[in-house]
Amino acid sequence: MRITRYAAAVAAAGIVLTGCSSEAGDAVEEAAEAPELAEEVDFEAGTTMAELAEAGSMTVGTKFDQPGFGLRNPSGVPEGFDVEIAKIVAAELGIAPEDITWTETVSANRESFIMNDEVDMVVATYTINDDRKEQIDFAGPYYEAGQDIMVAEGNPLGIEGPEDLAGKNVCSVEGSTPAEEIRTNYPEAQLTLFDVYSKCADALANGQVDAVTTDNVILTGIVAGSPDQFDLVGNPFTQEPYGIGIPKGDDEFRAFINDTLVEAYESGAWAEAWNETAGAISGTDAPEPPDVDRY
Ligand code: GLU
């Protein structure tokens with residue numbers, strides 16, 4: 001059986017929405033309660049916050065094929081932890097979830113979408129690093145993942161870590177830190193690159209590749225939807241702190257998002273967002289949130 005994006009969407013929705021028999025539209029609301037909207041927001045004129053609050057709407061770049069973080073459901077709306085984090089930031093600007101326009105950003109186009117003002121921010125399993133910081137800025141981190149490996153169910157090739165990828169065909173995504181890690185530190189692995197991870201999952205299911213590598217939480221979401229097909233090796237070997245990408249130099253917006261994240265850590269909204277999305281899929285409680293880095 002091939003994993004299609006739609007099948008993955010249905011599988012993940014089934015996990016998140018167990019026991020919910022309402023139609024997809026209602027289900028979205030029930031999947032995660034909308035964060036409380038800030039009332040009477042008042043921002044200094046000329047700031048990004050003032051502009052967005054005045055517009056009453058914003059555009060957010062996220063993933064559309066990653067169960068637990070950003071997965072477009074059958075009614076066309078994305079669901080997941082990244083989506084909830086974005087809603088928390090929007091709510092603090094007085095913007096309701098239905099006034100967010102969701103744009104699919106894949107790994108390779110996140111910086112350019114931010115730089116070309118195609119989105120107001122990107123929340124998309126987006127690792128903070130210095131290369132990317134040359135082009136954009138990051139609020140956060142709001143989560144820390146680690147690169148891991150997904151193999152065919154039963155791990156027939158006995159792949160236990162990145163060293164075992166030598167001479168094997170491993171799939172990842174263009175413009176991602178996991179692809180860069182393999183290219184730089186494990187050059188004996190043969191790298192196959194697609195634009196999104198669901199295509200890597202298809203390739204593994206078809207036997208076109210021997211393994212898929214990216215962040216553990218992304219792979220966990222894929223395995224949860226197809227436990228008969230895939231296994232997670234479960235041996236993370238990098239640190240992937242997730243940040244919210246915004247235009248370079250917008251220090252006020254960055255500080256505002258960092259303040260909002262800290263508030264969400266303290267109020268429990270962050271943990272609730274985890275529990276309703278990625279936590280529900282992986283069966284894990286919310287971890288301790290990472291400290292934001294106000295560089
Ligand atoms: N967190 C890694 C990155 O930002 C991998 C996940 C992704 O490609 O979105 O590149």
Side-chain angles (χ1 to χ4, degrees), residues 25 28-29 31-64 69-70 72-73 75-105 109-126 128 132-133 135-143 242-270 272-273 276-277 289 292-295:
V28 175
E29 266 166 67
E33 232 171 83
E36 218 173 295
L37 269 200
E39 283 168 31
E40 303 197 21
V41 289
D42 187 18
F43 299 107
E44 203 180 315
T47 60
T48 301
M49 294 81 82
E51 278 167 27
L52 294 173
E54 167 74 20
S57 62
M58 71 188 298
T59 302
V60 177
T62 195
K63 298 296 186 85
F64 277 9
F69 273 74
R72 196 163 51 162
N73 70 20
S75 56
V77 181
E79 294 175 0
F81 187 56
D82 282 338
V83 171
E84 294 309 312
I85 294 294
K87 286 182 195 168
I88 287 171
V89 174
E92 205 57 32
L93 294 163
I95 299 171
E98 56 272 22
D99 295 320
I100 300 173
T101 300
W102 303 100
T103 295
E104 182 180 24
T105 45
N109 67 19
R110 291 174 290 197
E111 289 89 83
S112 65
F113 271 44
I114 293 168
M115 290 189 294
N116 297 334
D117 289 332
E118 287 180 63
V119 293
D120 295 306
M121 63 183 189
V122 166
V123 194
T125 59
Y126 200 4
I128 300 171
R132 291 172 176 167
K133 274 195 209 161
Q135 297 187 292
I136 60 146
D137 271 321
F138 285 103
Y142 61 91
Y143 186 75
Y242 287 175
I244 297 178
I246 58 164
K248 190 163 175 61
D250 196 342
D251 293 346
E252 286 153 333
F253 193 32
R254 188 156 61 88
F256 165 79
I257 297 174
N258 281 330
D259 291 345
T260 303
L261 288 173
V262 171
E263 268 169 45
Y265 293 171
E266 286 165 4
S267 71
W270 180 89
E272 200 180 315
E276 285 164 343
T277 58
V292 299
D293 176 16
R294 297 174 188 270
Y295 63 88

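Note that the structure is predicted; figures quoted are calculated from it, not measured.
Minimum heavy-atom separation, A53 to V41: CB-CG2, 3.8 Å. Smallest separation of non-hydrogen atoms from E51 and G46: OE2-O, 3.8 Å. The heavy-atom pair separating D137 from D250 by the smallest distance is OD2-N, 4.4 Å. In terms of heavy atoms, V60 sits closest to V119 at C-CG1, 4.2 Å. Scanning all heavy atoms of the two residues, the minimum distance from A124 to R110 falls at O-NH1, 2.8 Å. Across every non-hydrogen atom of D293 and R254, the tightest pair is O-NH1, 4.4 Å.
Ring geometry, F81 versus Y142: the interplanar angle falls from 30° to 60°, so the pair is classed tilted. Ring orientation note: the planes of Y143 and Y242 are tilted relative to one another, at an angle of 30° to 60°.
Enclosure of atom CD in E263 by more than 12 non-hydrogen atoms of other residues, nucleotides or ligands within 6.0 angstrom is indicated. At most 12 non-hydrogen atoms from other residues, nucleotides or ligands lie less than 6.0 angstrom from CD of E252. Crowding of E54 atom CD: a count of heavy atoms from other residues, nucleotides or ligands under 6.0 Å not exceeding 12. For E44, the CD atom counts as loosely surrounded, since its 6.0 Å shell holds 12 or fewer non-hydrogen atoms of other residues, nucleotides or ligands. Atom CG of N116 has more than 12 neighbouring heavy atoms from other residues, nucleotides or ligands inside a 6.0 Å radius.
Note: I257 CD1 to L93 CG = 8.0 Å, rounded to the nearest 0.5 Å. How far CD of E98 is from OG1 of T101: 11.5 Å, rounded to the nearest 0.5 Å. Rounding to the nearest 0.5 Å gives a distance of 12.0 Å between CE of M49 and CD1 of I95. For the atom pair CD (E276) and CD (E272), the distance works out to 5.0 Å, reported to the nearest 0.5 Å. The distance from atom CG of D120 to atom CZ of F113, rounded to the nearest 0.5 Å, is 13.0 Å. Remark: E118 CD to S112 OG distance equals 6.5 Å, nearest 0.5 Å.
Annotation: side chain of I136 is in contact with side chain of Y126 (closest heavy-atom distance under 4.5 Å). Residues M121 and M58 form a side-chain contact, since some pair of their non-hydrogen atoms from C-beta on lies under 4.5 Å apart. V292 is listed as a side-chain neighbour of Y265, based on a closest heavy-atom distance under 4.5 Å.
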What do the steps show when you test F43 against T48 for side chain to side chain contact (heavy atoms under 4.5 Å, CB included), and what is the final call?
CA-CA 9 Å; F43 299 107; T48 301; over 6 Å; no
Side chain to side chain contact (heavy atoms under 4.5 Å, CB included) between W102 and V83, worked out
CA-CA 9 Å; W102 303 100; V83 171; 3.6 Å; yes
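Of the residues listed (T103, L52, I100), the one engaging T59 in a side chain to side chain contact (heavy atoms under 4.5 Å, CB included) is T103, and it is the only one.
Ion pairing between a basic and an acidic side chain is recognised when a charged N comes within 4.0 Å of a carboxylate O; D259 and R294 show such pairing.
For the residue pair T62 and D82, no side-chain donor N or O sits within less than 3.5 Å of a side-chain acceptor on the partner.
Not a single donor-acceptor pair under 3.5 Å links the side chain of W270 to the backbone N or O of I88.
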